[in-house]
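Written out below as structure tokens is the structure these notes cover.
All of these numbers come straight from a predicted model, not from anything done at the bench. Letters go in sequence order (proteins before strands), and every chain restarts at 1. All values below come from the heavy atoms of this structure, side chains included, with hydrogens, waters and symmetry mates left out.
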Number of protein chains: 2
Amino acid sequence: MSAGETRQQIVNVANRLFYERGFEATSFADIAKDVGLSRGNFYYHFRTKDEILDAVIAQRVTDTGAMLESWETDGPSPAELIRRFIHILIANQSKIMAHGCPVGTLCNELAKLDHAAQTDAAGLFVLFRRWLARQFVALGRAADADALALHILMRSQGVATLATAFRDEDFIQREVADMEAWLFTQSPAASSLDHNQPA
Amino acid sequence: MSAGETRQQIVNVANRLFYERGFEATSFADIAKDVGLSRGNFYYHFRTKDEILDAVIAQRVTDTGAMLESWETDGPSPAELIRRFIHILIANQSKIMAHGCPVGTLCNELAKLDHAAQTDAAGLFVLFRRWLARQFVALGRAADADALALHILMRSQGVATLATAFRDEDFIQREVADMEAWLFTQSPAASSLDHNQPA
DNA sequence: GACGAATTAGGACAATTGTCCTATGGCCAA
DNA sequence: TTGGCCATAGGACAATTGTCCTAATTCGTC
């Protein structure tokens, strides 16, 4: 197998394990076993564990960017695009209940470790933040687009954390519906309506 | 020193380190050094690391319960009590930006480790959930008190996670203000008002 | 088929992990 | 003062960690 392919396999497996078990709790041996390589051989592809982390984050940046871009290809409305973002919570429901949000939990862990890659991991949030802000601008909310983007991001993080703690599908459904109702009130034309009761 | 005092010191230090660095990343040696004891001696007080974790969670349950109870002693209104909860985000701002929410991050880590103490840690959320629900009942929202409690809890978790990732004090202030505005609309008398724009 | 480079296996290495044992010191009761 | 229990220090233990080296294998090219 070519070095590039092996490297890609390592990144894919590490990406999954970092999400499912956390960065610190995942060892070289764990990754090696799942890839089917010997542990010592890793040094050929990655000199340190931090290099793997960097590669995993870079991979996620690429994947996330591609996903967000692909959503826009068939030209849905900004509100519909934001709805798609919100619905990640339902699409990935079972994974989120088991391991939380991949971005939020990684940022939290790296913050506690005071890890150098903290900023890179937060860059994943920036990707969503900017994309969401763009949609709110298109929605006619240029003045507070970034604040609205952060608000939606904040809500999905809160839902993810409580979903992991309580494993309550109804809670997720309810909060997603509430986010959609909130979104509806944010289009200027509908701003006089009141759709904000969570329940 | 009596065994009880030493044990209490260990729990206090472990509590702090589990929060600042995480459970897995904190070793017996780390705790021993901060308490000023020899590592081997831990076995006398705690047979396993999991036993320390249990003690730390039990301590947090006691402390949290006492805090919530003390808030109610001088008889503030339910809305004022909920406001106090929301303002934890500001009171603990710098710690949250550095290490996240103590409850949320612990639950997330234990979920990834598939740890037996997961449910006990989530019990800390239950404490807040029930206390908040009581306030909403007193506010005249008995029908959806639990959902409203989860909603507030969800928001504070989301704010904590993004606060850690972005270290943005303005964001925290803004979202706290928005939570207060939301709270105002939740008292039945004020339910026709619209205070929901986050910004 | 043979050569040289690319890729791998296997293991060495010191450090650290959680766990556990034993010998020692100190304090309180008789 | 003595005897016994409580608390501690110090270290042993096997296992695992991230890192690194070297010898072997595989592969494409001539």
Original post:
Is the base of C/dG11 touched by the side chain of A/R39 through a donor-acceptor pair closer than 3.5 angstrom?
Top reply: no
**OP:** Round to a whole Å and report the spacing from CZ of A/R21 to C1' of D/dT17.
**Re:** 15 Å
**OP:** Ignoring the backbone of A/Y43, work out which of C/dT7, D/dA9, D/dC21 is nearest its side chain.
**Re:** D/dC21
**OP:** Just compare D/dT8, D/dG18, C/dT7 and give me whichever is closest to any side-chain atom of A/T6.
**Re:** C/dT7
Subject >> Value in whole Å for how far the C1' atom of D/dA15 lies from CG of A/D30 >> reply: 14 Å
Subject >> Side-chain H-bond candidate by donor/acceptor type, B/E180 with B/H87, under 3.5 Å >> reply: yes
Original post:
Considering only C/dA9, C/dT19, C/dT17, which nucleotide approaches the side chain of A/N41 most closely?
Top reply: C/dA9
Subject >> Nearest-neighbour nucleotide for the B/Y44 side chain, D/dC6, C/dT17, D/dT17 considered >> reply: D/dC6
Original post:
Looking at A/S38, does any N or O in its side chain come under 4.0 Å of the phosphate oxygens OP1/OP2 on C/dT8?
Top reply: no
**OP:** Could you say whether B/G4 or A/T26 is positioned toward the 5' end of DNA chain D, judged by the nucleotide with the nearest heavy atom to each?
**Re:** B/G4
Subject >> Steps toward salt bridge (charged side-chain N to carboxylate O under 4.0 Å, His left out) verdict (B/R155, A/D178) >> reply: CA-CA 12 Å; B/R155 283 215 199 188; A/D178 194 58; over 6 Å; no
Original post:
Rounded to whole angstrom units, what separation is found between the CD1 atom of A/I10 and the P atom of C/dT7?
Top reply: 12 Å
Original post:
Could you state the CD-P distance from A/E5 to D/dG28, rounded to the nearest angstrom?
Top reply: 11 Å
Original post:
The side chain of A/F28 lies closest to which of these nucleotides: D/dG18, C/dT19, C/dT7?
Top reply: D/dG18
**OP:** Would you tell me whether B/R167 and A/Q118 have side-chain atoms, one donor and one acceptor, within less than 3.5 Å of each other?
**Re:** yes
Subject >> Between P of D/dT19 and CG of A/L53, the distance in whole Å >> reply: 12 Å
Original post:
Going by atom types only, do A/T105 and A/N108 share a side-chain donor-acceptor pair under 3.5 Å?
Top reply: no
Original post:
Does the ring of A/F166 carry B/R129 above it, NZ/CZ under 6.0 angstrom from centre and within 45° of its axis?
Top reply: yes
Subject >> A/T48 side-chain proximity, nearest of C/dG10, D/dT19, D/dT8 >> reply: D/dT19
Subject >> Nearest-nucleotide 5' precedence on DNA chain D, B/S2 against A/A25 >> reply: B/S2
**OP:** Let me know the distance between NE2 of A/H115 and P of D/dG18, rounded to the nearest Å.
**Re:** 12 Å
Original post:
Between D/dA12 atom P and B/F42 atom CZ, what is the distance in whole Å?
Top reply: 20 Å
Original post:
Once you round it to whole Å, what is the distance between P of D/dT17 and CZ of A/R47?
Top reply: 22 Å
